[in-house]
Amino acid sequence: MNIFSHLFTTANLLILLFNFSTALDIIDSSQSLPDGQTMVSKGGSFQLGFFTPDGSTKRYLGIWYGNIPVKTVVWVANRNNPINDSSALLTINTAGNPVLLTQNRTHVVWSASNLTKDAQDPILQLLDSGNLVLRNKNDADSGLYLWQSFDYPSDTLLPGMKLGWDLKTGINRYLSSWRTSNDPSVGDFRWEVELQSNPQLVMWKGTEKFYTSGPWTGTSFSGGQTLKPNPIFTYKFVSNENEVYYMFNLKNSSLLTRIVMDQTTYNRQRYVWNDVTHSWIVYDTVPRDRCDNYGLCGVYGICMINELPVCQCLKRFSPNSLQGWNSMDWSQGCVRNKPLNCDKGDAFVRYDRLKLPDPSHSWVSKTMTLRECRAKCLQNCSCMAYSNADFTGQGSGCTIWFNDLVDFRQFPDGAQHLYIRLNSSEIEKAKPAIKIVAIVFASIALFCGILLISFYIKKRNAKGIGKSSGIYQNKDSQSDEMELPIFELSTIVNATNDFSMANKIGEGGFGTVFRGTLIGGLEIAVKKQSRSSGQGLSEFKTEVLLISKLQHRNLVKLLGCCIQGEEKMLVYEYMPNGSLDSFIFARDTSKLLDWATRYNIICGIARGLLYLHQDSRLRIIHRDLKASNVLLDGEMNPKISDFGMAKTFGGEQTEGSTNRVVGTYGYMAPEYATDGTFSIKSDVFSFGVIVLEIISGKRSRGFYHPNHNQNLIGHAWELWKEGKSLEFVDSLVGESSDLSQVMRCIHISLLCVQQHADERPSMGSVILMLSSEISLPQPKEPGFLKDSKGSFYFESSSSNIESTNDVSFSLLHPR
């Protein structure tokens with residue numbers, strides 16, 4: 001072979017290799033990726049293919065860096081379902097979903113789910129960011145993805161990835177460690193955004209908090225003092241009505257950096273690639289030291305890394321257990337030197353240069369001034385501290401904390417400060433100068449005077465409004481002012497055409513619901529209380545006061561009320577698709593609910609409940625959650641309604657009891673029906689029942705299976721035990737369903753209806769289970785009551801009877 005032939009052959013080979021490489025950044029529905037081949041992003045930054053971890057024999061589909069000599073895996077598809085041989089391949093199925101097949105290419109090992117819209121000529125592409133995306137072929141430059149791996153991270157966060165929540169879809173993007181260095185299955189170390197009114201980053205070790213970042217202060221997290229200007233990356237934290245997330249980006253695109261959750265060291269480590277040593281070096285680590293361990297010093301204890309011992313009590317606090325403190329057991333924390341005296345008046349002391357306490361039980365206003373913040377905290381005996389929400393500039397906004405404060409640490413510098421509630425006598429001792437004392441008390445007196453004047457004017461105006469509009473006045477309602485529009489009866493009469501039967505859209509235990517149209521064209525729904533309704537003025541006020549302060553897209557919006565004489569009415573936004581039960585239990589309308597719509601409804605109800613239980617100012621227990629109390633807007637988005645039976649809790653309270661059991665047969669948790677005990681977990685039980693109804697298309701109340709005489713919950717449980725859960729699914733769902741997603745929802749619903757309340761998941765956990773592929777615990781026997789024949793029933797007594805939309809009953813006891 002002469003030199004020219006040799007050069008020609010070599011050139012052709014290079015051209016073939018180049019074409020092969022560039023073609024493999026994309027596969028379409030006619031192609032597949034078998035074990036032994038890789039996809040390579042256009043710039044060569046990342047590769048996708050099959051790999052075996054060192055020390056393992058299992059095969060996994062993953063993404064790794066393509067331009068460094070050390071194979072570094074950043075994402076794994078089938079991390080909990082390893083492959084035992086090299087027979088697998090990645091392809092796109094007929095539904096447009098990327099799937100990983102094995103066992104003669106018939107068994108699905110992994111599948112990308114929750115597509116944002118229908119796939120039309122879909123292609124799978126590996127981007128130079130390390131993101132594996134599914135998109136329609138014609139959406140090449142739009143950035144619209146049907147699915148992306150960045151929404152389902154493994155143990156690694158790359159530049160441009162979001163760590164946090166998409167509140168529209170319910171997706172929670174979080175990192176979870178590998179179980180071991182050669183086993184990428186999900187470990188027990190997790191890093192995520194804790195979704196609440198004041199979000200923060202949390203590391204979990206199993207079910208226990210391991211580290212918290214503290215709340216966002218405008219430029220960094222309260223506990224993240226290392227997040228300062230640096231030459232490598234920028235970062236941001238976004239929190240709005242659509243999404244809550246943390247993200248970092250590189251300042252120099254030629255650098256490589258990643259954040260990894262390390263199961264071995266229980267650290268979140270940021271690595272930077274060193275081109276000289278050809279190795280990864282650790283840039284920073286969290287937790288950084290012992291003081292980053294969550295709650296190390298207990299309540300009101302502060303960790304000071306340069307002191308011995310590291311745990312000290314805040315000034316004006318003393319160890320709760322001196323013996324434990326001396327033996328370096330700080331778990332019982334500290335207590336105030338002088339107890340609070342809320343009735344006679346408390347005050348606040350400012351503490352500086354510290355990590356703000358865990359915001360899990362806090363409330364935030366972005367517009368309130370610090371003075372208004374102090375006044376609001378002072379009015380609530382459960383409020384223990386307040387501070388600015390944003391510390392940039394002169395500081396702005398308001399954060400108030402409820403109940404005991406935990407997870408403090410001292411910093412050598414910083415602008416963060418916190419005002420902690422103390423007995424006023426402690427404040428007097430803390431002020432060294434009489435002049436300062438005089439100024440402070442004079443300011444307080446002036447402020448209180450303004451408040452009294454404002455209160456007097458407001459009450460006088462309220463009385464005037466009441467007289468002019470005919471509002472029913474009650475001496476017990478003086479502290480429960482309704483801060484929402486009050487409609488004149490004539491306005492409601494005109495809007496509903498004098499409550500015409502043609503405008504009637506519903507009826508229940510409360511009364512009748514009418515559709516109406518206000519002048520200007522706004523459609524409304526008017527819930528008019530019947531004279532025989534079991535809901536009195538107290539329940540009516542409860543619903544008005546609660547809903548007027550709740551703002552969430554999955555809660556029905558209250559526009560106003562009308563109280564005139566004996567007439568009591570609530571005015572809501574109009575929901576054109578009515579209640580959920582009118583859709584799922586009617587054969588002509590239930591066929592309109594494909595699985596995607598049903599799944600969206602399930603997730604929406606879950607998000608609404610999470611807001612009530614955790615993210616609203618006070619913890620709210622609905623106590624009458626059922627399909628008829630879930631309304632559907634024009635786009636079939638669910639909105640929880642009817643808060644007349646709701647109860648509110650403050651601070652740490654999670655449970656209550658009553659002698660007046662209210663609710664609806666078929667949805668009530670066992671502990672509530674039998675003992676009158678209610679909690680957020682009783683709402684979780686009701687949610688589980690609704691999910692079963694949505695999946696099966698059958699009512700919980702009145703359902704008995706002819707073969708085993710079980711109710712709906714019992715029927716679902718029997719099929720689950722027999723491995724026949726697909727028989728539970730509504731036949732009308734048909735081919736529209738993602739069977740793995742349906743099975744997961746049945747699994748979650750059975751976890752929600754377990755007999756014992758403490759074994760049921762919280763709604764935060766439910767959303768996590770719905771929006772991720774984490775492994776689920778096995779459900780235990782559900783909370784349904786049965787006699788020797790297996791039937792489910794209650795026995796009513798003759799007193800304390802409460803009426804609901806579906807049935808009347810009293811304190812309920814199993815026979």
Side-chain angles (χ1 to χ4, degrees), residues 81 107-108 111 113 580-581 583-587 590-591 593-599 601-603 605-606 625-627 665-670 673 681 684-757 759-761 765-766 769-770 773-793 814:
N81 295 291
H107 177 66
V108 177
S111 172
S113 57
L580 175 61
D581 66 328
F583 260 87
I584 60 176
F585 302 137
R587 304 310 287 177
S590 62
K591 66 180 66 175
L593 295 179
D594 60 11
W595 172 247
T597 304
R598 297 185 193 219
Y599 182 71
I601 291 171
I602 291 171
C603 293
I605 299 171
L625 186 67
K626 54 188 175 182
Y665 174 85
Y667 294 90
M668 297 178 65
K681 296 300 183 70
V684 171
F685 185 95
S686 302
F687 170 79
V689 175
I690 292 176
V691 175
L692 291 175
E693 290 183 325
I694 292 173
I695 294 172
S696 67
K698 299 178 176 65
R699 290 184 187 272
S700 173
R701 186 169 74 89
F703 175 90
Y704 296 102
H705 195 275
N707 293 342
H708 46 62
N709 202 28
Q710 296 280 16
N711 68 345
L712 188 66
I713 299 174
H715 180 48
W717 175 246
E718 291 296 328
L719 291 175
W720 172 267
K721 290 192 298 181
E722 296 169 6
K724 300 178 180 178
S725 287
L726 287 179
E727 296 180 13
F728 186 76
V729 181
D730 189 346
S731 60
L732 295 176
V733 173
E735 296 180 356
S736 71
S737 63
D738 178 338
L739 293 182
S740 64
Q741 195 176 70
V742 173
M743 291 291 291
R744 190 173 183 85
C745 286
I746 295 175
H747 193 157
I748 293 169
S749 66
L750 289 175
L751 291 172
C752 291
V753 297
Q754 291 179 105
Q755 174 76 30
H756 300 292
E759 292 175 344
R760 300 172 204 146
S765 298
V766 168
M769 292 187 287
L770 285 169
E773 298 180 2
I774 61 171
S775 58
L776 305 179
Q778 290 300 306
K780 298 180 181 178
E781 186 171 79
F784 57 91
L785 306 179
K786 54 188 177 180
D787 62 9
S788 58
K789 296 180 180 179
S791 60
F792 173 69
Y793 59 86

**OP:** Examine distances only and state if a side-chain atom of Ser700 and a backbone atom of Leu712 form a donor-acceptor pair shorter than 3.5 Å.
**Re:** no

**OP:** Ignoring hydrogens and angles, tell me if any N or O in the side chain of Arg744 forms a donor-acceptor pair with the backbone of Leu739 under 3.5 Å.
**Re:** no

**OP:** Determine, step by step, whether Glu693 and Leu580 satisfy the side chain to side chain contact (heavy atoms under 4.5 Å, CB included) criterion, reporting the C-alpha distance in whole Å, the side-chain angles of both residues, the deciding distance to 0.1 Å, and the verdict.
**Re:** CA-CA 10 Å; Glu693 290 183 325; Leu580 175 61; over 6 Å; no

Return the [atom1] to [atom2] distance between [X] and [Y], rounded to the nearest 0.5 Å.
X      : Y      : atom1 : atom2 : result
Leu719 : Lys721 : CG    : NZ    : 10.5 Å
Glu781 : Gln755 : CD    : CD    : 7.0 Å
Ile690 : Phe685 : CD1   : CZ    : 11.5 Å
Cys745 : Leu750 : SG    : CG    : 11.5 Å
Lys681 : Ser686 : NZ    : OG    : 13.5 Å
Phe687 : Ile605 : CZ    : CD1   : 6.5 Å

Where [X] and [Y] come nearest, the two heavy atoms and their spacing:
X      : Y      : result
Arg760 : Cys752 : CD-O, 3.0 Å
Ile602 : Trp595 : CD1-CH2, 4.2 Å
Val689 : Gly666 : CG1-O, 3.4 Å

If we only count heavy atoms from C-beta on, is the [X] to [Y] side-chain gap below 4.5 Å?
X      : Y      : value
Trp720 : Gln778 : yes
Val753 : Trp717 : no
Ile746 : Val729 : yes

**OP:** Kindly determine whether Phe583 and Arg598 satisfy side chain to side chain contact (heavy atoms under 4.5 Å, CB included), including the steps that lead there.
**Re:** CA-CA 11 Å; Phe583 260 87; Arg598 297 185 193 219; over 6 Å; no

Original post:
Got a sec, which residues hit side-chain contact (heavy atoms from CB on, under 4.5 Å) with Thr597, two or more places apart in sequence or on another chain?
Top reply: Leu593, Asp594, Ile601, Met636

**OP:** List for me each residue that meets side chain to side chain donor-acceptor pair (under 3.5 Å) alongside Gln754, sequence neighbours excluded, and say none if there are none.
**Re:**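 Counting only residues at least two positions away or on another chain, Gln754 forms no side chain to side chain donor-acceptor pair (under 3.5 Å).
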
Original post:
Who are the side chain to side chain donor-acceptor pair (under 3.5 Å) partners of Lys780, not counting sequence neighbours?
Top reply: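 Expected list: Glu759.
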
Original post:
side chain to side chain contact (heavy atoms under 4.5 Å, CB included) between Asp730 and Ile584: does it pass, once the steps are laid out?
Top reply: CA-CA 10 Å; Asp730 189 346; Ile584 60 176; over 6 Å; no

Original post:
Checking side chain to side chain contact (heavy atoms under 4.5 Å, CB included) for the pair Asp581/Arg699: CA distance, chi angles, key distance, verdict?
Top reply: CA-CA 8 Å; Asp581 66 328; Arg699 290 184 187 272; 4.2 Å; yes

